[in-house]
Amino acid sequence: MSRFDVWAPRAESLELVAAGRQYAMQRADGGWWRLPEDAAVSEGEVDYGYRIDNADKPLADPRSRRQPDGVHGLSRTFDPAQHSWTDAGWRSPGLNGGVIYELHVGTFTPEGTLDAAAEKLEYLAELGVDHVELLPVNAFNGTHNWGYDGVLWYAVQESYGGPAAYQRFVDAAHRQGIGVIQDVVYNHLGPSGNYLPQFGPYLAAAGANPWGDSINLDGPESDEVRRYIVDNALMWFRDFHVDGLRLDAVHALHDERAVHILEELSAATEACAAELGKPLFLVAESDLNNPRMIEPRTRNGLGLDGQWSDDFHHAVHVNLTGETSGYYADFDSLGALAKVLTGGFFHDGSYSSFRHRHHGRPINKEHVTARQLVVCTQNHDQIGNRAAGDRLSATLDYGSLALAAVLNLTSPFTPMLFMGEEFAASTPWQFFTSHPEPELGEATSQGRLREFERMGWDAAAVPDPQDESTFTNSKLRWSEVEDGDHARLLQLYRELIRLRRQEPELTSADLQAVAVDFDEDRRWLLLRRGRVTVAFNFAEDERRIEAGPGRLLLATDPDAKLDGALSLPGRSAAVLRRQGEGSA
């Protein structure tokens, strides 16, 4: 494929507008258009677009790598081979149960750029992070956005620094020993600047998901749409040296073909990993609680390496906050948390009161490992989709935040942190947009209010997504990391991550080896992982728990004592190793 080839199967004529000149393109096989062999377009960086059927306005390339003037402007060529990579010695650990750190480029630093985020990588390395996961960075309309309104999947948002800055970020991360996971959205396109339907049938003829029109994955001419998705995934691996992809809301990918698009992505990623000679992986965000996502293709699974388990978040959230509205209703017990810790899902065929139906199926622990489930106590969705965008730190004290940290970082699963969680950031993380079109901005604001009706949240607490203060208020305050309980919690996170790396049981992938004891009435729970036991006291008062003889490795409260039994102060946790079975 040459640099100006474009797929436009329904166009009657097509012109390339490049460097101020116009070039008539020739129809080729399969709905593709190419330049004549004698067309001489300037080498190097060129601003260009396509005029379809003599239209007045040239449109951006569907595979554009740069949009210096925004998604409504012309594209600009970008040669990824110009970057001199320094990561030849980097070896990704793959999805190994290590810590993932989710961040949004625009609010992670005051500057909101990839280069500024790269300056914080040393901090993340000291924290003990294995992978940093970037929320979507593909080009969207406006100056700031969560990233899920992207319309040009191949272009890195210019306000973040564009594709060259992205390459610098990945290179810097690898120098710090940190892998990079990119969040990608293949289930819908944003509401402004989406010109793909003018080129071809990228969207499904009928049907939509909650965020927009569905993608044409199984209708007429869907072969090239699927190729568009697969090629995009491979672009991140090949041109940007990304180690893994997080696939947004895969339950919204409507695909009735015999080979599902996720299976096709899995096979292509596996082939690319062999080609590049390094591990590559895919993690799905799925609401289905269907283990087929992560079963191998040889067992008729889709072959993805991992998936999110929201049930873990819900069970932790309810037991720490007591909040039981909406989808939290079914998780109001320590028994729910125990079931998730030992089975991965809570809804594994059980009745979901929020959905008004049965949901999910059990995980086969012989074929699925614990590290294939990515879990968290906070993430961009679970914070940002609350009415006020409030973090746990807005309502919970140090003891409860410490409980959350221990639950996440000693669980059998792959733990993920949301930026600022590790120091109890006081800033909210709210839903923000910057749609230039007034009518679209108003529609977005009204849509947010309707979304919260089922959760029973106060509509008066919902900030206007279009107000710039909603965006600026969501930026982290890095001065907090050195203050009081902020610094105290950060130190706990560092110790927990160090302990997770140090104790083999804490990264064991065997979900069958996990056992839990709990007392619903007295509000304590013991998580047993081989020779390591983790004790949690969710009650306000001290509990004396028969945890067995051993040695205390970590306690969130200095008054915790192990003297035959474990005396655990209210709202605290402790990690211990049984006596006579190895040393820490």
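Remember, it's a predicted structure, so these values are computed and weren't measured experimentally.
- In this structure, CE in M416 is found 9.0 Å from CD1 in I181, a value given to the nearest 0.5 Å.
- Between S309 atom OG and H347 atom NE2 the span is 11.0 Å, to the nearest 0.5 Å.
- Using a 3.5 Å distance cut-off with no hydrogens or angles, the side chains of D243 and H131 do not pair a donor with an acceptor.
- Using a cutoff of 4.0 Å between basic side-chain nitrogens and carboxylate oxygens, E264 and R257 are not scored as salt-bridged.
- Partner Y148 forms a ring pair (Phe, Tyr, Trp, His ring centres under 6.0 Å) with one of H188, H104, H380 and no other, that one being H380.
- Note on R501 versus D130: salt bridge recorded, some NZ/NE/NH1/NH2 to OD/OE distance being below 4.0 Å.
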Full working for side chain to side chain contact (heavy atoms under 4.5 Å, CB included) between Y186 and I215: CA-CA 8 Å; Y186 296 141; I215 307 301; 6.0 Å; no
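- T377 contributes atom OG1, which lies 8.5 Å from atom CG of L401 (distance to the nearest 0.5 angstrom).
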Intermediate values then yes/no, side chain to side chain contact (heavy atoms under 4.5 Å, CB included), H317 and Y328: CA-CA 8 Å; H317 186 91; Y328 291 135; 3.5 Å; yes
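- Between H144 and F471, the ring planes are parallel. Angles under 30° get that label, and only those over 60° would be called perpendicular.
- Shown here is R544, whose CZ atom has more than 12 heavy atoms of other residues, nucleotides or ligands within 6.0 Å.
- Taking a cutoff of 4.0 Å between a charged side-chain nitrogen and a carboxylate oxygen, R297 and E263 do not qualify as a salt bridge.
- To the nearest 0.5 Å, the span separating CG on N537 from CZ on R522 amounts to 8.5 Å.
- Salt-bridge check for R246 with E285: passed, with a basic side-chain N closer than 4.0 Å to an acidic carboxylate O.
- In plain terms, the two heavy atoms of P291 and R361 that are nearest each other are CD-CG, 3.1 Å.
- Ionic pairing of R386 and E323 is present here: one or more N-O contacts between side-chain nitrogen and carboxylate oxygen are shorter than 4.0 angstrom.
- Between R543 and D519, none of the side-chain N atoms (NZ, or NE/NH1/NH2) sits under 4.0 Å from a carboxylate O, so this pair counts as no salt bridge.
- The NZ atom of K561 sits 11.0 Å away from the CG atom of L568 when rounded to the nearest 0.5 Å.
- With hydrogens and angles disregarded, no donor-acceptor distance shorter than 3.5 Å links the side chain of H251 to the backbone of S286.
- Here ring pair (Phe, Tyr, Trp, His ring centres under 6.0 Å) pairs that include residues 515-546, with residues two or more places apart or in two chains, number zero.
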Worked verdict on W153 versus W236 for side chain to side chain contact (heavy atoms under 4.5 Å, CB included): CA-CA 11 Å; W153 293 348; W236 292 109; over 6 Å; no
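- When the side-chain contact (heavy atoms from CB on, under 4.5 Å) test is applied to H435, the partners found at least two apart in sequence or on another chain are N145, D149, P191, T433, E437, L440, T444, Q466.
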Worked verdict on H314 versus D330 for side chain to side chain contact (heavy atoms under 4.5 Å, CB included): CA-CA 9 Å; H314 300 344; D330 296 337; over 6 Å; no
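- Of the inter-residue distances, the one linking D311 atom CG with L341 atom CG reads 11.5 Å to the nearest 0.5 angstrom.
- Side-chain contact check for T410 versus E503: every heavy-atom pair is 4.5 Å or farther apart.
- A donor-acceptor contact closer than 3.5 angstrom links the side chains of D467 and S469.
- Listed by first then second residue, pairs satisfying salt bridge (charged side-chain N to carboxylate O under 4.0 Å, His left out) with a partner in residues 481-490 read D485-R488, not counting sequence neighbours.
- Two rings, from F140 and W146, have their centers 6.0 Å or more apart.
- A salt bridge links R523 with E520: the closest approach of a Lys/Arg side-chain nitrogen to an acidic carboxylate oxygen falls below 4.0 angstrom.
- Residues satisfying the side-chain contact (heavy atoms from CB on, under 4.5 Å) test with A315, not counting sequence neighbours, are F331, L337, V340.
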Please tabulate, for the side chains in residues 300-308, all donor-acceptor contacts under 3.5 angstrom to protein atoms that are two or more places apart in sequence or on a different chain.
from	atom 1	to	atom 2	distance (Å)
D305	OD2	L282	N	2.8

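- Here Y123 pairs with E422 under the side chain to side chain donor-acceptor pair (under 3.5 Å) rule; sequence neighbours left out.
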